[in-house]
Number of protein chains: 2
Amino acid sequence: MLSKNQIKHIRQLHQGKFREIHRQYIVEGEKMLNELLKSEQNILHIYALESWLTQHEVYLKKHNIAYTAISENELKQISGLVSPYQVLALVAHRTFHFSAFQQGIYIALDQIQDPGNMGTIIRSAEWFGVKGIFCSEDCVEVYNSKVVQSSMGSVFRVPVYYLPLAAFLKQHQSINTYAAVLHGDDVYNKSFNDTSIIVIGNESKGISNPILSLCKHKITIPNFGEAESLNAAVSCSIILALSKK
Amino acid sequence: MLSKNQIKHIRQLHQGKFREIHRQYIVEGEKMLNELLKSEQNILHIYALESWLTQHEVYLKKHNIAYTAISENELKQISGLVSPYQVLALVAHRTFHFSAFQQGIYIALDQIQDPGNMGTIIRSAEWFGVKGIFCSEDCVEVYNSKVVQSSMGSVFRVPVYYLPLAAFLKQHQSINTYAAVLHGDDVYNKSFNDTSIIVIGNESKGISNPILSLCKHKITIPNFGEAESLNAAVSCSIILALSKK
């Protein structure tokens, strides 16, 4: 049973400004909860239907995770989904602090706005073993529920750093940067350094000039048709795949 | 000025069943309209604010495209967008009939459900010069507004065929098929035939057994992390990119 204040608090967390104030975010649905329970995230509270709890109660008790049984009606009130699935968790924000580059591929995102793209990039990043994602401070927030959902749980595992991107790249000019642009070198002919940053720009405007001027390589996925551009998450994923070839 | 009946008719077209009955669909927004006007689609009527019409009236008259000036309030009533942009067009369905394979890459989609994925696949398909997309009849409808939007206009140009996919593949067993699966041959080591079909399955269930059993090659994008899978549109796009290497 939920109090009015609890309901209000959870509903507020569907908005970015309240997530920022409380340093909490929401994870919903059975599949995402499975990923969450396996992860190292700090789960603050789980609200679930009895049907879900009977299957998970032993695990929750063993791991000391607080939970409350709620009704379908209560779940509807706190869920951000059109058809809520059984369970909703409150999770503490986890802030990653970048210390030093390891050998491997990194991604830098300049003003990525679409939460679906952000989530998909994080999912592909994990698939290809990316070491970390640097986001300009005006990228969509990583704890937006659509980002969490479309990352399919990768958001619980991939380090994502929000930072002043131009200043950061300036500080690390020794690291090779590969900017995805429309008229650059053919990506098929590029080889990637052991430690590299792939830079992806905004969905409609591309990479902003201050960032672009700091990038050593400009690369392009060749176009074999009339389409004007590729989706940002798709471009990023293709470049990641080609960096492994 | 719109009549009640016109408003009702346009609003109905936001639903698949009415698009099917009337064989019409909706295209919205300035950017999409630019793509539409350049395409070979049969535009039935354009509803636009004066601001848009002043810029396009000469073109519309020259090409004999019917249009009506509407108010912002009327646009809100007929638009499917939260923030409608200036213009909305009614377009006639265009049905592609497959005749014969040309040399090149084709895509087959088995039960793709997410409109964003469908649109992104069509967009990538055009980028990589795909000759056509075969869809199982239970794929999301290509004229769903989210498909149109996320295809960024490629839907106006790429041939998409809805057909009984298993029967079709059975009929064309001489064409090499490459099924994207989780445990197949490493895609980096595969070379693609001059005429090939890349087969992509449902977002959660993958390729259904009747289709899979008809596929000659099973291919996998190797995993370098812990993620369980890649997004379907991303997998498709990566395989397309690798087929060009």
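Protein chains get the first letters and strands the later ones, always in sequence-line order, with residue 1 at the start of each.
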If you check every heavy atom in residues 118-125 of chain B against those of chain A, which residues fall under 4.5 Å? B/T120, B/R123, B/S124

Check whether more than 12 heavy atoms from other residues, nucleotides or ligands sit under 6.0 Å from atom [atom1] of [X], and answer yes or no.
X	atom1	value
B/E72	CD	no
B/K216	NZ	no
A/R11	CZ	no
A/K190	NZ	yes

Select one option (side chain, backbone, both, neither) describing which atoms of [X] are under 4.5 Å from chain A's heavy atoms.
X	answer
B/Y188	side chain
B/K38	side chain
B/E228	both

Any pair with a residue in residues 217-245 of chain B that passes ring-ring contact (aromatic ring centres under 6.0 Å, His included), sequence neighbours left out, goes on the list, sorted by first then second residue, please. B/Y178-B/H217

With a 4.5 Å limit on heavy-atom distance, are the side chains of B/V234 and A/W127 in contact? no

Most heavy-atom pairs under 4.5 Å with chain B, out of A/K244, A/R157, A/K245, belong to A/K244

Note: vs chain B, highest number of non-hydrogen pairs under 4.5 angstrom among A/N223, A/I239, A/I238 is A/N223

Is A/S229 close to chain B through its backbone or its side chain, or both, or neither, when contacts mean heavy atoms under 4.5 Å? both

With chain A, the option among B/V130, B/V187, B/L230, B/N231 that has the most non-hydrogen atom pairs under 4.5 Å is B/L230

Pick from B/A241, B/A227, B/G225 with the largest number of heavy-atom pairs that fall under 4.5 Å of chain A: B/A227

Output the distance between atom CE (A/M152) and atom OG (B/S204), rounded to the nearest 0.5 Å. 8.0 Å

